[in-house]
Colleague: 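After the structure tokens below, expect a handful of questions from me.
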Amino acid sequence: MATRTTGTRSRRKPAATAVGDRDPDLLRRIHKFMVLTRAVEDRMVAMYKGGDLLGSLYTGHWHEAISVGAASALRPDDYLAPIHRDLGAHLWRGMEPWQVMASFMGKATSPTGGRDGTLHYGRLDLNIYNLPSHIPANFPVATGMAFAAKYRGEDRVCLAFCGDGSTSRADFHESLTIASVQKLPNIFFIENNQYAYSTPLRLTSASESFAAKAAAYGMPGVKVDGTDALAVHDATAEAVARARAGEGPSLIEGVTMRMHGHAEHDPADYVLKELYEEYSKKDPVELFENVLIEAGVLDVDAAKQVREDARQYAIAARRKALADPMPDPGDIEDGVYAD
Amino acid sequence: MATRTTGTRSRRKPAATAVGDRDPDLLRRIHKFMVLTRAVEDRMVAMYKGGDLLGSLYTGHWHEAISVGAASALRPDDYLAPIHRDLGAHLWRGMEPWQVMASFMGKATSPTGGRDGTLHYGRLDLNIYNLPSHIPANFPVATGMAFAAKYRGEDRVCLAFCGDGSTSRADFHESLTIASVQKLPNIFFIENNQYAYSTPLRLTSASESFAAKAAAYGMPGVKVDGTDALAVHDATAEAVARARAGEGPSLIEGVTMRMHGHAEHDPADYVLKELYEEYSKKDPVELFENVLIEAGVLDVDAAKQVREDARQYAIAARRKALADPMPDPGDIEDGVYAD
Amino acid sequence: MPTDSGTATYLEAVGLALDAEMDRDPDVFIIGEDVGQFGGAFKVTKGFLDKFGPRRVVDTPIAETGFTGLAAGAALVGLRPVVEFQFADFISCAFDPIINVLARHHWRTGDPMPVTMRAPFGGRLRAGPTHSQSVESYFAHVPGLKIVMPGTPEDAAGLLISSIRDNNPTLYLENKYLYRRLKAKGPISLDPIPLGVAKVVREGRDVTLVTYSAGVHQGLEIAEELDKDGISVEVVDVRTLVPLDVETIVNSVKKTSRAVVLHEAAKRLGYGAEIAATIQEEAFWHLDQPVVRIAALNTPTPTSPPLEDAVIPQPAQIAETLRKVARA
Amino acid sequence: MPTDSGTATYLEAVGLALDAEMDRDPDVFIIGEDVGQFGGAFKVTKGFLDKFGPRRVVDTPIAETGFTGLAAGAALVGLRPVVEFQFADFISCAFDPIINVLARHHWRTGDPMPVTMRAPFGGRLRAGPTHSQSVESYFAHVPGLKIVMPGTPEDAAGLLISSIRDNNPTLYLENKYLYRRLKAKGPISLDPIPLGVAKVVREGRDVTLVTYSAGVHQGLEIAEELDKDGISVEVVDVRTLVPLDVETIVNSVKKTSRAVVLHEAAKRLGYGAEIAATIQEEAFWHLDQPVVRIAALNTPTPTSPPLEDAVIPQPAQIAETLRKVARA
Ligand SMILES: Cc1ncc(C[n+]2csc(CCOP(=O)(O)OP(=O)(O)O)c2C)c(N)n1
Ligand SMILES: Cc1ncc(C[n+]2csc(CCOP(=O)(O)OP(=O)(O)O)c2C)c(N)n1
Ligand SMILES: [Mg+2]
Ligand SMILES: [Mg+2]
């Protein structure tokens, strides 16, 4: 059980303890989606370099433990409001890699049919909100989804992500204020990856931690190691249970590192070398794979196979997305208004 | 010395201890302006009832210890960004009561010449910002004034007020975030008067206190008895010293009660009777007067005289404001743009 | 609760319509500052809390960005929020979610976004530059929003009902000067009035006055007066700015050959610019005169009566302009 | 730091002007997201941190409301802030302080408010609905703001200098599609170019094209092309939308008797509406044709190339319209 403090939890435990008596299928599924996320994003980086994409590419390297770990603590009918580092959460929910690639290519088969693009994808049929650029615009929307669940007496919850930099905005503050006084079933997850574009943490916030901001809203705030999928999963599961029980929202901070540039066009030479060094030893996908192997939940060959399957899946996705048509402009004025 | 905790300080001390070795002239001046503030507002309530004013009237009954107590901790060259409960701070700075009355009457002699009205007055020559309606729009502006002081290497500070309800807005959060990372010489003072229009505290914020919100910004937060002028003055003076020394911003919460309606048209029947009862025994003007009398800083006759002088001053102010002309519309298009 | 007196005010008509929709559809709720026990700053929701309870009558912190975004999220998953802004001036604090979240969402995704935003706007109450704004021009450029500006109690009811039932974000602007000054001519009908349909509220021959909101009763009064001088004014109430019923406007102008556009908002890029530009595009060869815009001066709205009266169009000025255009 | 190559790009011209003003006036500082070490998302302030230090090149948290309000406060007490919005789209988050704090302050109080807000705007970069907006129409209605939209590197420099020296809040919109595509014809002059003065950038007889920003080079190219067919297009670059140089526009239209207005923003209540309404008001009797507006469709800006090209005015369409109006 996670304790509701703001101290950093989850010093790495021996694998067996960490894994405990969890469902090995769930663990393998989390692993599989983390691996798939990495494979798809690696493939997309190659596509970016090769000129397959329209504009820039935003990736979530080293965010996989957060995006998959947190999403895996939800039910499929729970609402999800992800950001640009959360491919893993999308995939976990059922978004297809080729749809995401199609979004970065402006293809007719992207979730918006090429109207929006890049990271602006989502699917309400999977209970995933499709965010606009403005960060974190998904937070107020997430309070609304949670409000609707409560309004209807459903026990659904809503998980929303934002970055460290996004915590300084109106949307963050006003959402957490409303969610806390209304006791809405929200989980607000801050992906602290040390930078907001080029802006380091010290220019973003003077608070002791991002989790500490929870005090301003009278909600629990916990800080977890964002490279540790199990720590993320557990903290989220606890917040989900709290929300489902009608006890209101929680704030979680997951600490990781943005291992690529803000987007792929950004060489990110403003990043401290030491941070790259420190985090190059903390690849969340590798770490989790090792935990599972050590705990005997996964064997080395199976792990290899998972990687190879993911690679092939990503290759096939690219092939499909490339072959997909560009949209037809004929109906571009349709749908500005709903019927 | 105030301690930087978020607990409520200043249980009432015996008068002599409370007064200590402070300058008796300063104490009498604070008293005088608290009394004047009350006298002017009482007069304006009568004017409202008598139909002298254009629209509604916003008063600061029971905010006098805050508005005067805090303003009295500043130098005249420090910046002030008050709100609609802070007549006392304006008067302390040199705003004339008739100017304020003229504002509520739309007279040519109001600080805006009748262009703006009611509570929207200010005078930059007195280093007082004239706020628009949007709350708390004065907060970002206050960070800018503090920024300018720091930019120029001056040791001026900026004191800004807002209400409990205003803490939920963008302007509050974004200002405190910026001021804290930039270490700006700001003092942010929350006048917690238990209500935001009809909205009680529990629907405004779930945090343990308003002072507790300081944790989100890594700045000191203190909660003081907002009916105790000395407690307010001391807490402000401490924050001012900190700001002047380049140590950055502070948050202060002063707890009081809005003893009138949101504005005079509001009967405020939504207010809990017990709160009125509790606070009717805590009139900040009376309390402070008693402290000074008990401490021998003021004698009873002098206190009476202060009240009578204030009453006469308010009467004269009304007379002047009434006699003042309405503005001439001839130049209304001038000044939309500065030269 | 509002009950229909047979002579409901504009304000009561809004309340009656909202009450009826909340009765009819359990997914409709109202959210805003002080809308609960207090019944809203202007008392539109008086009694609603007792009748519908805090689940459906939601007092919020002062957080316009937050609660507008909340409405968007709730709408996306099937509720039909009605948002009350205390004054239209404060909608500036929700500009971002309105244009970037609410307005564009359906076009981007195909998901409906049935949010109604109610806001009391306008001047003549001596409320000054930040309590008197006409906000329609901030939003009319943005694709995906509908903008509704009723000019009578009857339209206030019927158009609010349509706005709430509409699957798009709708900005419904209530002229607060009319709230207690305008009365219905009989019991309020709770039938929806379709959005996007203008109404010729007075037939005339000599000049078309295209207007909305408070301009409608002003225009009608002035038209009566001018009638005595033999000037026949046709008054078109556009009722919804977006979608705009260009056909009704243009047909009227084709008939009268002269057009004046009237609104209380400032002239520069007021909605009158769109209407005037459209009329000359669509009916150029029928025009005997340029289309004239009557609007507020390009200044903020002053507080002091002599100043405010100098800024906002006054009856004499409107009459004079109509006379000039009709006779030129 | 920017150095003048003699063929400075539009982007470099902005940087040169800003650098010069910061050299000249110690009260000028730049504040925005990532403007420091990173040099800004588009690199306008590259090298500025090293040259001017963190006191005058201020990286801020992502807090558009906060830092715009900060600029207002700093300006009130004598500084001259230049605010960079990372994309013009994000200015929506500062809409409230811009219209309620910055724009109205001088009129209310007489205190100057010298804030310059720079924002890269516009489409054609396949950046989609929330990274391609033309934002001028959100603001042009608001009294007290100036709006500057340069269409050439030369104007970008001279108008930025005037904006910074102006005692009013100025919205200075940089067309990001032009940033690296448009080059100056010689060394950049750092003389201020007055706000409120339009420029006839090409003389012509048959039709006046009134435009701004990217419309200027588009218009000039198309005018050359039409010249070959014997159609003589006069191109008027309004340069500043507010104040608008009505006289230059009207004089041109009086000469050509035909007017087309072109902008990249959506048509409904785009600034073309104001220009068209004004032309027909001021030059009605000289017009041989209605004023025609060429603008984006009333949809958000799509990402995908075939979609974006269908929404934003294309050269062929512009040429076709000019041809039609000139020959009608
Ligand atoms: C309101 C707003 N301002 C600016 C931007 C531009 N922008 C996009 S992402 C970003 C940095 C976000 O940093 P953070 O929240 O830490 O997320 P990260 O990208 O690091 O995951 C910025 C400034 C934006 N999208 N929205
Ligand atoms: C952005 C904004 N929204 C709404 C309002 C309307 N309004 C004016 S004062 C007020 C209540 C303010 O409460 P609080 O901050 O506690 O100050 P108090 O009046 O109690 O001193 C409200 C809702 C406003 N001025 N600005
Ligand atoms: Mg980050
Ligand atoms: Mg209060």
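A note on names: the letters A, B, ... follow the listed sequences, proteins ahead of strands, and every chain is numbered from 1. Both backbone and side-chain heavy atoms feed into the values below; hydrogens, waters and symmetry mates do not. These figures come from a predicted structure and were not determined experimentally.
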Colleague: Holding to side chain to side chain contact (heavy atoms under 4.5 Å, CB included), I want the full list of residues that pass it with A88(D), two or more places apart in sequence or in another chain.
Modeller: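 Only A119(D), F121(D), V135(D) meet the side chain to side chain contact (heavy atoms under 4.5 Å, CB included) criterion with A88(D).
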Colleague: Hey, which of G55(A), A268(A), G165(A) has the most heavy atom pairs under 4.5 Å with chain D?
Modeller: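 Maximum pair count with chain D is reached by G165(A).
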Colleague: What part of L203(A) is in contact with chain D, defined as an atom under 4.5 angstrom from a non-hydrogen atom: side chain, backbone, both or neither?
Modeller: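 Answer is both: backbone and side chain atoms of L203(A) are under 4.5 Å from chain D.
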Colleague: If every non-hydrogen atom of A310(D) is compared with every non-hydrogen atom of I332(A), which pair is closest and at what distance?
Modeller: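 Looks like CB-CG2, 4.4 Å.
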Colleague: Got a list of the donor-acceptor pairs under 3.5 angstrom between chain D and chain A?
Modeller:
unit_1	atom_1	unit_2	atom_2	d
D34(D)	OD1	S198(A)	N	2.9
D34(D)	OD1	S198(A)	OG	2.7
D34(D)	OD1	T199(A)	N	3.4
D34(D)	OD1	T199(A)	OG1	2.8
I62(D)	N	S168(A)	OG	3.3
I62(D)	O	S168(A)	OG	3.1
E64(D)	OE1	R169(A)	NE	3.4
D89(D)	O	H134(A)	NE2	2.8
S92(D)	OG	H134(A)	NE2	3.4
T130(D)	OG1	S133(A)	N	3.2
T130(D)	OG1	S133(A)	OG	2.7
H131(D)	ND1	S133(A)	OG	2.8
T303(D)	N	R115(A)	O	2.7
T303(D)	OG1	R115(A)	O	3.1
T303(D)	OG1	G117(A)	N	3.1
S304(D)	N	G114(A)	O	3.0
S304(D)	OG	G106(A)	O	2.5

Colleague: What are the two closest heavy atoms between L307(D) and P329(A), and how far apart are they?
Modeller: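 Of all heavy-atom pairs spanning L307(D) and P329(A), the closest is CD2-CA, 3.6 Å.
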Colleague: Check this for me: K324(D), atom NZ, are more than 12 non-hydrogen atoms of other residues, nucleotides or ligands nearer than 6.0 Å?
Modeller: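 For K324(D), atom NZ is not crowded (no more than 12 foreign heavy atoms under 6.0 Å).
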Colleague: With a 4.5 angstrom heavy-atom cut-off, is it the side chain or the backbone of A170(A) that approaches chain D, or both, or neither?
Modeller: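 Neither; nothing under 4.5 Å.
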Colleague: Please enumerate all residues that pass side-chain hydrogen bond (donor to acceptor under 3.5 Å, both in side chains) together with S213(D), with sequence neighbours excluded.
Modeller: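 By the side-chain hydrogen bond (donor to acceptor under 3.5 Å, both in side chains) rule, S213(D) matches N175(D).
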Colleague: Partners of E274(D) by salt bridge (charged side-chain N to carboxylate O under 4.0 Å, His left out), sequence neighbours excluded?
Modeller: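 E274(D): salt bridge (charged side-chain N to carboxylate O under 4.0 Å, His left out) contacts with R293(C).
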